[in-house]
Every structure is written in structure tokens, then in C-alpha cells.
Amino acid sequence: MACVHSNTGASRYGTPSTQNVTRKAAKLPPIPQALLRWYDANARDLPWRVAPKARKAGARPDPYAVWLSEIMLQQTTVATVAPRYREFLTRWPDVKAMAAAPLDDVLGEWAGLGYYARARNLHKCAVTVAETHGGFFPDTEEALRALPGIGAYTAAAIAAIAFDRRAIVIDGNIERVVSRLYAIDTPLPAAKAEIREKLEEIWPQKRSGDFAQGLMDLGASICRPKAPICLLCPVSSRCKAFKAGTQGNFPVKPAKKAKPNRVGAVFALVNAKGEMLFERRPEKGLLGGMLGLPGTEWKERIEADVFNAAPAQADWEKTGEATHTFTHFHLTLDVYAGAAPKGFRRASDQQWIKPEEARLPTVMKKAVGAATPSPSRA
DNA sequence: CATCCGTGGAA
DNA sequence: TTTCCAAGGAT
């Protein structure tokens with residue numbers, strides 16, 4: 001990449017005292033060039049990633065694997081995703097396999113990962129790709145964007161990483177990197193337009209996917225939210241915030257709201273086989289489609305007669321509490337345990353499962369734990 | 001544009 | 001203990 005001689009470089013007017021140094025009128029390398037060189041040497045080894053070296057040799061990632069990883073990585077850390085991703089890929093090696101699976105199997109495999117709409121849309125997307133795209137993911141940003149669970153970020157990421165399209169990928173990492181590079185002081189999310197404009201100017205035609213992954217790796221390892229390691233940054237010389245020493249001020253974010261408290265009660269009904277009664281939660285809303293213990297709604301105040309929400313008449317004993325913090329509220333659940341009365345018949349949306357075998361969202365796992373205290377305690 | 005939607009790790 | 005926040009999307 002030939003360096004065009006700058007006609008604005010300071011070297012023209014260099015003082016005589018620097019004559020022996022003869023610094024090259026070194027125009028700084030463009031950001032993509034510096035970033036990609038850094039990525040070639042420092043790319044993280046991730047299970048869904050084709051390393052830059054292999055990529056240059058012609059290897060291409062499986063679009064299914066890219067899609068699966070991107071959905072799982074939405075608002076979820078690499079450390080959490082990596083082992084779960086391997087389980088998904090082993091269980092459903094391709095999109096047709098996932099499309100053929102029952103939704104409840106996918107939800108069960110997703111248990112504990114949070115944001116369960118992702119799992120519902122994952123399955124819906126697999127079915128769509130299998131049925132209306134012949135089992136192949138579309139290779140354009142626009143067509144990808146139309147699929148369930150694929151928004152602006154994920155569509156661009158898949159287009160760039162799996163299909164080598166020039167697509168402007170913007171995630172939280174890249175927002176942070178760019179807002180520091182250009183010292184963008186507009187608060188998010190309003191700053192997104194400006195961030196996109198800056199990226200549009202510098203985004204390379206070639207190695208679009210590697211550029212996106214390089215920016216994200218940089219954001220994760222160097223240009224971190226707290227204590228960025230600017231001394232190791234390949235583009236610090238181009239970074240407006242670094243030069244001003246203000247990298248800690250970016251990105252500007254709005255203040256967060258306080259989380260209200262909510263309370264409720266759940267009931268752990270146990271039968272003679274030691275199985276516990278679970279029910280499938282409504283398809284939409286919090287923990288939609290997941291298994292849980294029957295119980296009250298979760299409100300600011302406890303209901304007058306919580307036993308109206310019990311699944312059966314039983315000698316309910318309060319065995320403990322479960323506390324959990326969701327994205328937008330704190331929850332305290334009173335946990336009651338009881339034995340199923342004779343002749344009890346479960347409803348159609350309920351099922352008996354050994355508690356240790358149930359694939360549950362975390363709050364329900366905590367509630368089950370509070371219903372069955374571990375035998376040993378010193 | 002604002003709100004809803006999980007979880008676990010780090011500081 | 002509390003706060004922050006991570007490869008966001010749907011409504």
C-alpha cells in the first residue's frame with residue numbers, strides 16, 4: 001500500500017535541530033491497515049472463528065456456525081458462550097437439524113443463557129432458512145436482516161464474516177472504539193449515526209469480516225470499557241481521545257434507572273417418585289416458553305392470598321426464599337414446598353420432572369434449590 | 001426513541 | 001453489596 005507523500009506533513013517545516021533524525025514523512029498507516037496487521041498477529045482463537053491465516057489460504061467459516069455464534073453472543077460474554085456453543089453445534093450440526101428439532105428442545109438447551117427470545121427466534125430462523133431458503137443462509141445483509149432474531153448488527157456481522165461482504169458492523173465494542181478514536185461526545189444511542197458515518201469512511205473493501213472481528217477483539221482486549229491499555233493499541237496514534245488523555249470519558253452514556261423490587265411466591269409440588277411439578281410459561285414475555293414452578297404473578301406487593309396460585313391443595317410449608325436480579329427489576333420469591341395430594345392430576349401445560357434433570361432459567365433453579373435444601377449444612 | 005428482555009463475572 | 005456491562009432485537 002503505497003504511502004502518498006503528504007503535503008501537509010510537519011517535515012516540510014522541520015526545525016534544523018532535528019536534521020539528523022530525518023524522520024520519514026511518515027504518514028500514519030490508515031486505520032484499517034494498522035488494525036488488520038494487529039488482528040493478524042493477535043486474533044483470539046475462538047471456536048466459531050476461522051483464523052486470519054487460514055482465511056487468507058481460502059478457508060471460509062460455515063455460515064450456520066457464524067449465525068449460531070452471533071445469536072449466542074448477543075449481550076453475552078465469550079466465556080459464557082464458548083462451551084454452550086460447542087454443545088449446540090454437537091447436538092445440531094447444521095441448520096436443517098436444528099429446524100427439525102422441537103422448540104422445547106432448543107429452549108432446554110438454551111436454559112441459563114438468558115434473553116430467551118433469542119432461543120425462540122433461533123429456532124424460528126432455522127425453520128425459515130430450512131424451509132424457504134433451501135437450508136442455505138442468504139448472503140446479503142438485507143436478506144439476513146429479514147430473518148427472525150437477526151437485527152442490524154447480526155445481519156452485518158454474518159454478511160461480513162461469513163460472506164466477506166463489505167457491511168458496516170456496529171456492536172458495543174465498536175461503538176466504544178470509534179467514539180474514542182474520534183472523541184464523539186454525543187451520548188449513546190444518539191451517537192450511532194455519527195459512529196456509522198465515521199466507519200463508512202474507513203471501512204475497507206477487502207477483509208471486511210476480519211476488520212469487523214479485529215475491531216471487536218480490540219474493544220474486548222485493549223480498548224476496554226475500564227482501564228484501556230492504550231500503550232498496546234495499534235491505532236492509538238490515530239486516537240483523538242488518547243491524544244487528549246480522555247479515553248475514559250467515552251463513550252458517553254445516559255444515566256441508568258434504578259431497579260424496582262418485585263415479590264411473588266412459587267410452589268414446589270412433589271410426588272411419590274420425587275418428581276416436581278413444572279409448567280411451561282407463556283410464549284411471550286419474561287422467561288417466555290421456559291419451564292418454571294407454578295406461582296403468583298410478580299408484583300410490587302405480595303398478593304393477599306398467595307395460595308390461590310398454588311397448583312393443588314396441600315400442606316404448604318415455606319422452605320425458603322429465592323432472590324434474583326433481572327435486567328429491570330429485583331425479585332424475591334417465597335418458596336413453598338408440599339406433597340401432591342391423592343388423585344392429583346396435572347394440567348396439560350404441566351409436567352413432572354426430577355428437579356435435578358429440569359433445564360431451567362436461573363431464577364427457577366434458585367427457587368428449586370430453596371425448595372429442596374441440601375441435606376448437609378455445618 | 002423508550003422499554004422490555006437474563007445472566008454471570010469483575011471491580 | 002452494588003454497579004457495570006457483554007459480539008442486541010423486537011415492539
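Order of the sequence lines fixes the chain letters, A, B, ..., with proteins taken first and strands second; residue numbering starts at 1 for each chain. Predicted, not measured: the structure shown is a model, and the values here were computed from it.
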Send over the distance from [X] [atom1] to [N] [atom2], rounded to a whole Å.
{"X": "A:L122", "N": "C:dG8", "atom1": "CG", "atom2": "C1'", "answer": "14 Å"}
{"X": "A:I168", "N": "C:dA7", "atom1": "CD1", "atom2": "P", "answer": "19 Å"}
{"X": "A:M216", "N": "C:dA6", "atom1": "CE", "atom2": "C1'", "answer": "12 Å"}
{"X": "A:W110", "N": "C:dG8", "atom1": "CH2", "atom2": "C1'", "answer": "12 Å"}
{"X": "A:R145", "N": "C:dA10", "atom1": "CZ", "atom2": "P", "answer": "6 Å"}
{"X": "A:K365", "N": "B:dG8", "atom1": "NZ", "atom2": "P", "answer": "8 Å"}
{"X": "A:K284", "N": "C:dT11", "atom1": "NZ", "atom2": "C1'", "answer": "9 Å"}
{"X": "A:H330", "N": "B:dC4", "atom1": "NE2", "atom2": "C1'", "answer": "16 Å"}

Salt bridge check, [Y] against [X]: does any charged N sit closer than 4.0 Å to a carboxylate O?
{"X": "A:R166", "Y": "A:E200", "value": "yes"}
{"X": "A:D164", "Y": "A:K206", "value": "no"}
{"X": "A:R145", "Y": "A:E142", "value": "no"}
{"X": "A:R207", "Y": "A:D40", "value": "yes"}
{"X": "A:R262", "Y": "A:E300", "value": "no"}
{"X": "A:E109", "Y": "A:R91", "value": "yes"}
{"X": "A:R49", "Y": "A:D217", "value": "yes"}

Test salt bridge (Lys or Arg N to Asp or Glu O under 4.0 Å) on A:D349 and A:R280 and set out the steps. CA-CA 6 Å; A:D349 65 331; A:R280 194 176 194 280; over 6 Å; no

Taking for each residue the nucleotide of DNA chain B bearing the nearest heavy atom, is the 5' side occupied by A:Y115 or by A:K226?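 First, find each residue's nearest nucleotide; the 5'-ward one identifies A:Y115.
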
Using side-chain heavy atoms (C-beta onward) and a distance below 4.5 Å, is A:F326 in contact with A:W298?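 Result yes, sub-4.5 Å side-chain heavy-atom pair found.
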
Just wondering, do A:F211 and A:V169 contact through their side chains at under 4.5 Å, heavy atoms?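 Of all side-chain heavy-atom pairs linking A:F211 with A:V169, none is under 4.5 Å.
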
OP1 or OP2 of [N] versus the side-chain N and O atoms of [X]: is any pair under 4.0 Å?
{"X": "A:H328", "N": "B:dC4", "result": "no"}
{"X": "A:Y116", "N": "B:dT7", "result": "yes"}
{"X": "A:K257", "N": "B:dT3", "result": "yes"}

Please measure how far the P atom in C:dA7 lies from the corresponding atom in B:dT3, and state the result in whole Å.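 Their P atoms lie roughly 24 Å apart.
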
For A:Y116 and A:G288, work out which heavy atoms get closest and say how close.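 Heavy atoms of A:Y116 and A:G288 come nearest at CB-O, 4.3 Å.
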
Please give me every residue in residues 64-89 of chain A whose heavy atoms get under 4.0 Å of an atom in DNA chain B, ordered by residue number.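 Output list: A:Q75, A:T76.
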
Under a 3.5 Å threshold, yes or no: a donor from one side chain and an acceptor from the other, between A:R118 and A:T76?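 Yes, side-chain donor-acceptor contact under 3.5 Å.
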
Is the charged tip of A:R180 near the ring of A:F250: under 6.0 Å from the six-membered ring centre and within 45° of its axis?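 Judged by the rule (NZ or CZ under 6.0 Å from the ring centre, within 45° of its axis), A:R180 is not positioned above A:F250.
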
Consider the side chain of [X], meaning its heavy atoms from C-beta on, and name the nucleotide among [options] that approaches it most closely.
{"X": "A:H324", "options": "C:dG8, B:dT7, B:dC5", "value": "B:dT7"}
{"X": "A:N121", "options": "C:dG8, C:dA10, C:dA6", "value": "C:dA10"}
{"X": "A:T154", "options": "B:dC5, C:dA6, C:dG9", "value": "C:dG9"}
{"X": "A:K253", "options": "B:dG6, B:dC5, C:dC5", "value": "C:dC5"}

Members of residues 184-206 of chain A that approach DNA chain C, where some heavy atom sits under 4.0 Å away: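 Contacts with DNA chain C under 4.0 Å: none.
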
Strand-adjacent residues in residues 171-181 of chain A, judged by heavy atoms under 4.0 Å from DNA chain C: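 A:D171, A:G172, A:N173, A:R176 - these, ordered by number, are the residues of the stretch whose heavy atoms sit under 4.0 Å from the strand.
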
Is there a donor and acceptor pair, one atom on the side chain of A:T362 and one on the base of B:dG6, closer than 3.5 Å?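 Under the 3.5 Å cut-off, the side chain and the base do not form any donor-acceptor pair.
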
When we call it a touch if two heavy atoms are under 4.0 Å apart, what does A:A212 touch: a base, just sugar-phosphate, or nothing?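 Nothing, no nucleic acid heavy atom in range.
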
So what does A:G288 touch, heavy atoms closer than 4.0 Å: a base, only the sugar-phosphate, or nothing?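 Contact class for A:G288: none.
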
Which sits closer to the 5' end of DNA chain C, A:K256 or A:R118, going by the nucleotide each is nearest to?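 Per heavy-atom nearest nucleotide, the more 5' residue is A:K256.
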
